[in-house]
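Chain letters run A, B, ... following the sequence lines, proteins first and then strands; every chain starts at 1.
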2 protein chains.
Amino acid sequence: MSDLLERLRGRGWRMTSQRRVVAEVLSGDHVHLTADEVHARAVERLPEISRATVYNTLGELVTLGEIVEVSTEGRAKRYDPNAHHPHQHLVCSGCGTIRDVHPVGDPLCDLPPDQRYGFVVSEAEVTYRGLCPDCA
Amino acid sequence: MSDLLERLRGRGWRMTSQRRVVAEVLSGDHVHLTADEVHARAVERLPEISRATVYNTLGELVTLGEIVEVSTEGRAKRYDPNAHHPHQHLVCSGCGTIRDVHPVGDPLCDLPPDQRYGFVVSEAEVTYRGLCPDCA
DNA sequence: TCCTACGATGGACTGAGTCCAAGTCAAGAA
DNA sequence: TTCTTGACTTGGACTCAGTCCATCGTAGGA
């Protein structure tokens, strides 16, 4: 994720301590935090950071394609930094745990032309649901 | 959808005018209304019906498996009465139109055992995205 | 070092959804 | 038919996630 900071600088981003902290919080695999969770972790490193800044930064990162929004069961959106490696999600119906998974094949191919209703279909998002080992 | 009322009565539901109206609003194919839209349409038929009742009734219908929640881009959940015929959704990234679609094959089969991390996977929800004929 | 436009702040605001105490009424009993 | 009662409805207050905006601060170029 440290190369993220490089990429952002390359895109003309002014590098502030707030943006650095948000980018640091969003590092690692299988990280799927809500905006408030990102804020809570950011506050540990930079106590003055505001919620609005976290929302702004997350929104900008989504626009740049550096992270993706994951809409799950709960009310709050989650943010997935693993945007450069296409993947799907496996969600536990019990505790809400999310794992990144890589199914075989391309789900787009499963939608026959007569089921496309004239749409230009560009993307298929798959959410697998079940129970994790702890909840099962 | 009128047999829905029968099924609900069979389950011991007290049949009130409010519940009847909510069930009537949620009839037909390709209906994907938000709670507020359901409320707006219900008010046309029963001006005194409250938002709380609409939320309660929708929640109960979801619990009974008579309708399903569809979480889309927007903030508000949508409700899909087509719960007894398994299907997936095709969403227009432009205008938000939703169509029910029936892909071939079972997406559950595309998730190999080594990608299940010990989960008992029971369900796969696929959202296809693209542009509808009007937006393309 | 100075400037300034970009970014941060925090408080008010919105929209979706939940909660709750009080009132209403569907449907079974008499 | 009327009575009874507990399930259902109501509306207003509340919560939670997210947005907006006027003002202040500062990164980084001159």
Side-chain angles (χ1 to χ4, degrees), chain A residues 4-6 8-26 32-43 45-64 66-80 96, chain B residues 5-26 32-43 45-64 66-80 96:
Chain A
L4 165 62
L5 294 174
E6 290 312 313
L8 295 176
R9 215 187 300 268
R11 300 213 207 202
W13 253 35
R14 183 179 290 186
M15 196 43 57
T16 66
S17 52
Q18 290 85 349
R19 287 173 164 182
R20 207 186 324 271
V21 164
V22 170
E24 280 168 14
V25 166
L26 285 170
H32 304 91
L33 301 172
T34 64
D36 265 358
E37 286 166 355
V38 172
H39 180 235
R41 298 197 186 190
V43 160
R45 308 185 192 199
L46 192 66
E48 331 82 69
I49 192 171
S50 74
R51 256 168 31 95
T53 298
V54 170
Y55 275 105
N56 288 340
T57 308
L58 289 172
E60 288 156 359
L61 288 169
V62 169
T63 303
L64 294 177
E66 295 289 345
I67 63 178
V68 290
E69 282 180 6
V70 183
S71 50
T72 50
E73 294 301 84
R75 282 217 263 165
K77 289 176 193 164
R78 295 187 170 272
Y79 294 88
D80 183 346
Chain B
L5 294 175
E6 289 312 310
R7 283 201 301 278
L8 295 177
R9 215 187 300 268
R11 299 213 206 202
W13 253 34
R14 183 177 289 187
M15 196 43 58
T16 66
S17 52
Q18 291 85 350
R19 286 173 165 182
R20 207 185 324 270
V21 163
V22 170
E24 281 168 12
V25 165
L26 284 170
H32 305 90
L33 300 172
T34 63
D36 265 358
E37 286 165 355
V38 172
H39 180 235
R41 297 196 187 189
V43 160
R45 308 184 193 201
L46 192 66
E48 330 81 69
I49 193 171
S50 75
R51 256 167 34 93
T53 298
V54 170
Y55 275 105
N56 287 342
T57 308
L58 289 173
E60 289 156 358
L61 288 169
V62 168
T63 304
L64 294 178
E66 295 289 345
I67 63 178
V68 290
E69 282 180 7
V70 183
S71 49
T72 50
E73 293 302 85
R75 282 216 263 163
K77 290 175 191 163
R78 296 187 171 270
Y79 294 88
D80 184 346

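If you take CD of B/Glu60 and P of D/dA7, they are 12 Å apart, rounded to a whole angstrom. Between the CE atom of B/Met15 and the C1' atom of C/dT24 there is a distance of 17 Å, rounded to whole Å. One interatomic measurement links the two molecules: CZ of A/Arg20 to C1' of D/dT26, which rounds to 13 Å at whole-angstrom precision. Distance B/Leu58 CG to D/dC8 P: 15 Å, rounded to the nearest Å. In this structure, A/Arg14 places its CZ atom 10 Å from P of C/dA5, rounding to the nearest Å. Taking atom CG on B/Leu5 and atom P on C/dA27, their separation rounds to 12 Å, with Å as the unit. One atom, NE2 of B/His39, and another, C1' of C/dG15, lie 15 Å apart when rounded to the nearest Å. C/dG15 atom C1' lies 10 Å from atom CZ of A/Arg75, rounded to whole Å.
Closest approach of A/Leu4 to A/Ala23, counting heavy atoms only: CD2-CB, 3.8 Å. Between A/His32 and A/Glu37 the shortest heavy-atom distance is O-OE1, 4.2 Å.
Side-chain nitrogen and oxygen atoms of B/Thr16 include at least one within less than 4.0 Å of the OP1 or OP2 phosphate oxygen of D/dT9. Phosphate contact (OP1/OP2 of D/dC8, side-chain N/O of B/Arg19, threshold under 4.0 Å): present. Taking side-chain N and O atoms only, A/Tyr55 has a distance below 4.0 Å to OP1 or OP2 of D/dG18. Put simply, A/Gln18 has no side-chain N or O that comes within less than 4.0 Å of OP1 or OP2 on D/dT26. Between A/Thr53 and the phosphate of C/dT9, there is a side-chain N or O to OP1/OP2 separation shorter than 4.0 Å.
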Does the side-chain contact (heavy atoms from CB on, under 4.5 Å) test come out yes or no for A/Val22 and A/Thr53, once each step is laid out?
CA-CA 9 Å; A/Val22 170; A/Thr53 298; 5.8 Å; no
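Across the interface with DNA chain D, nearest-nucleotide mapping of A/Thr34 and B/Glu48 shows B/Glu48 to be the residue nearer the 5′ end. Taking the nucleotide of DNA chain C with the nearest heavy atom to each of B/Arg78 and A/Ser17, the more 5' of the two is matched to A/Ser17. Both A/Ala52 and A/Asp36 sit near DNA chain D, but only A/Asp36 has its closest nucleotide nearer the 5' end.
Checked for salt-bridge contact, A/Arg11 and A/Glu60 miss the test: no charged N lies under 4.0 Å from a carboxylate O.
A donor and an acceptor atom sit less than 3.5 Å apart, one in the side chain of A/Arg51 and one in the base of D/dG18.
No more than 12 heavy atoms of other residues, nucleotides or ligands sit less than 6.0 Å from atom CZ of A/Arg41.
Nucleic acid contact class of B/Ala76 (heavy atoms, under 4.0 Å, all strands): sugar-phosphate only.
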